[in-house]
Q: 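This is the structure, below, for whatever I ask next.
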Amino acid sequence: MTRVLVLNSGSSSVKYRLFDGAETAAKGLVERIGEPGGDAADHRGALQRILESIPADGLAAVGHRVVHGGPDFTEPTVVDDAVLARIEALVPLAPLHNPAAVSGIEVARKLLPELPQVAVFDTAFHATIPAAGVTWAIDAELASRWQIRRYGFHGTSHAYVARRTAELLGRPSAETNVITLHLGNGASACAVEGGRSVATSMGMSPQGGLVMGTRSGEIDPTVVFHLHRVAGMPIEEIERSLTREAGLLGLTGENDLRAVLRRRAEGDPVAGLAVDVYTRRIREYVGAYLAVLGRVDAITFTAGVGENSPDVRGESLSGLEALGIAVDPARNAAGDTFISPGGAPVAVCVVPTDEELEIANQSRAALGR
Ligand code: ADP
């Protein structure tokens, strides 16, 4: 098989990348879909633009990123009518994320009817987490009826960087335990035991766990009751506040960590506290996942913040020397692949993620090529 087109469809944008083997033959972004002056009127227009801009020959499959696979989609899946209907049925579980993926798949099937379409789910890698790690202690009947449990996200990224980490260590993936820290606008931690996810920080939606650009991460659910009952906020407003106006943005007015770090360097205590909240939460999860895994070979940072911020890497893992975890300041500042001191019991790594490449590879694998 030669070329695979990977589509990441959001509500107002479509990111695309065309792979020729592992090489990128074309890539780009169609933005402000449906807005005045935007690149396209709808998802169909967006895909038409993309198809006009890429070479037409040799395209063999389309791989779609789908955020939520629910309880049933545990691996990349070739799309047919029944699969598409099942993905649509998951929209209530992921109302902010799945509708765009459904549109993307629908228009790709219409415009490229002869090509196989593969859905690759952010949740699928976490299907191996044991029941005790995905079950919340709430009314079991309610949980089962409404499909309430931890699903976890960023699975393609955690899978990719955990495998890369094992390669870099020169060890078989099946014998390597890694804590992966995907720190981008969204952020999540994952405990990977022998190549399989056994714990992750995001929950039923990409809202749980670590502090993010605009999402709160873990909070006591009483916050929601209180904002509703005492502050009188409607549920939609609470959702918007906790998903779009919280995290670093809520704490400082800036969702970009670079701006927060700049302000901290200028002496702003508000920014200083925000960075401490952000890095302390990471450290709490690292501690939890050390306990889940028992033995950890490596801790790997990835995504925008993880790949680029020595401050966050160093501060997240500070004070853990007694657990065999340390960051070498010079290696960290230089952005080396291995930033732990030579001979440290736990390797600390910086590994660029590549979710699109992983989606292309998984799409090929799903088609048996
Ligand atoms: P997404 O989750 O949207 O794919 P990325 O993984 O690209 O996002 O991460 C984007 C975030 O990375 C930005 O919001 C920014 O805060 C952060 N970032 C990028 N470069 C740096 C840097 N040099 N220092 C600190 N943070 C950075």
Side-chain angles (χ1 to χ4, degrees), residues 6-17 24 27-32 65-68 94 96-97 100-101 120 122-123 152-161 164 180-190 200-202 205-217 243-266 268 271-272 274-279 281-282 300-317 327 329 332-336 339 350-359:
V6 172
L7 295 180
N8 184 349
S9 303
S11 54
S12 67
S13 70
V14 178
K15 242 201 251 179
Y16 68 94
R17 195 154 144 206
T24 300
K27 66 176 184 173
L29 174 71
V30 180
E31 308 182 85
R32 299 193 312 281
R65 176 189 183 213
V66 183
V67 170
H68 213 310
L96 306 181
H97 296 95
V120 178
D122 265 25
T123 46
F153 298 86
H154 288 145
T156 50
S157 179
H158 290 297
Y160 177 82
V161 299
R164 282 289 299 142
T180 48
L181 300 166
H182 177 111
L183 312 175
N185 283 314
S188 67
C190 184
T200 196
S201 58
M202 282 176 167
S205 77
Q207 167 71 8
L210 303 179
V211 177
M212 314 187 205
T214 69
R215 290 176 230 153
S216 63
T243 59
R244 298 197 190 170
E245 295 158 7
L248 292 173
L249 179 67
L251 290 171
T252 68
E254 320 261 9
N255 68 306
D256 191 313
L257 190 73
R258 279 166 292 200
V260 181
L261 289 168
R262 229 173 2 247
R263 274 174 47 187
R264 181 176 73 162
E266 291 160 2
D268 177 353
V275 177
D276 290 348
V277 172
Y278 186 95
T279 55
R281 183 73 54 79
I282 295 169
T300 297
F301 288 92
T302 194
V305 175
E307 292 167 29
N308 296 300
S309 177
D311 288 346
V312 165
R313 294 192 297 254
E315 291 169 39
S316 299
L317 300 184
V327 170
N332 187 27
D336 288 0
I339 61 170
V350 180
V351 176
T353 192
D354 196 337
E355 291 169 276
E356 285 106 3
L357 176 60
E358 180 70 15
I359 291 171

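Everything numeric here is computed off the predicted structure, so don't read it as measured data. First listed ligand is number 1; within each ligand, the first listed atom is number 1.
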Q: For ligand 1, which atoms sit closer than 4.0 Å to a heavy atom of Gly186?
A: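 Contacts of ligand 1 toward Gly186, numbered from 1: 2 (O).
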Q: Number the atoms of ligand 1 from 1 as they appear, then name those within less than 4.0 Å of a heavy atom of Ala303, with their elements.
A: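 Listed by number with element, the hits are 6 (O).
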Q: Just going by heavy-atom distances, which of Thr353, Asn185, Thr302, Val312 is nearest to atom 2 (O) of ligand 1?
A: Asn185
Q: Step by step, would you call Ser12 with Glu31 a side chain to side chain donor-acceptor pair (under 3.5 Å)?
A: CA-CA 6 Å; Ser12 67; Glu31 308 182 85; over 6 Å; no
Q: Please lay out, stage by stage, how Arg164 and Asp354 fare under the test salt bridge (Lys or Arg N to Asp or Glu O under 4.0 Å).
A: CA-CA 10 Å; Arg164 282 289 299 142; Asp354 196 337; over 6 Å; no
Q: Examine distances only and state if a side-chain atom of Glu307 and a backbone atom of Thr353 form a donor-acceptor pair shorter than 3.5 Å.
A: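 Judged by distance alone, yes, a pair lies under 3.5 Å.
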Q: Please report the interatomic distance CG(Asn308) to OG1(Thr302), rounded to the nearest 0.5 Å.
A: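 Going from the CG atom of Asn308 to the OG1 atom of Thr302 covers 9.5 Å.
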Q: Out of Arg258, Arg262, Met212, whose heavy atom is nearest to atom 24 (N) of ligand 1?
A: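 Among Arg258, Arg262, Met212, the closest heavy atom to atom 24 (N) of ligand 1 belongs to Arg258.
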Q: Return the minimal non-hydrogen interatomic distance between Val327 and Arg313, and the atom names on each side.
A: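 Minimum heavy-atom contact is CG2-O, 4.3 Å.
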Q: At what distance is the nearest protein heavy atom to atom 17 (C) of ligand 1, and which residue and atom is it?
A: Val305 CG2, 3.5 Å
Q: Which of the numbered atoms in ligand 1 are under 4.0 angstrom from any heavy atom belonging to Leu257?
A: 16 (O), 26 (N)
Q: If you take the nearest heavy atom of each of Ala187, Gly304, Ala259, which one is closest to atom 19 (C) of ligand 1?
A: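 Looking at heavy atoms only, the winner is Gly304.
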Q: Could you label the plane-to-plane angle of the His154 and His182 rings as parallel, tilted or perpendicular, counting under 30° as parallel and over 60° as perpendicular?
A: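 Rings of His154 and His182: parallel, under 30°.
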Q: Can you confirm whether some protein heavy atom lies under 4.0 Å from atom 4 (O) of ligand 1, or whether none does?
A: no
Q: Just one of Arg264, Arg263, Arg262 clears the salt bridge (charged side-chain N to carboxylate O under 4.0 Å, His left out) bar with Glu254, so which one?
A: Arg263
Q: Hey, is ligand 1 close enough to Asp256 that some N/O pair sits below 3.5 Å?
A: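 Among all N and O atoms of Asp256, at least one is under 3.5 Å from an N or O of ligand 1.
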Q: Find all atoms of ligand 1 within a distance of less than 4.0 Å from any non-hydrogen atom belonging to Ser309, and give their numbers and elements.
A: 24 (N), 25 (C)
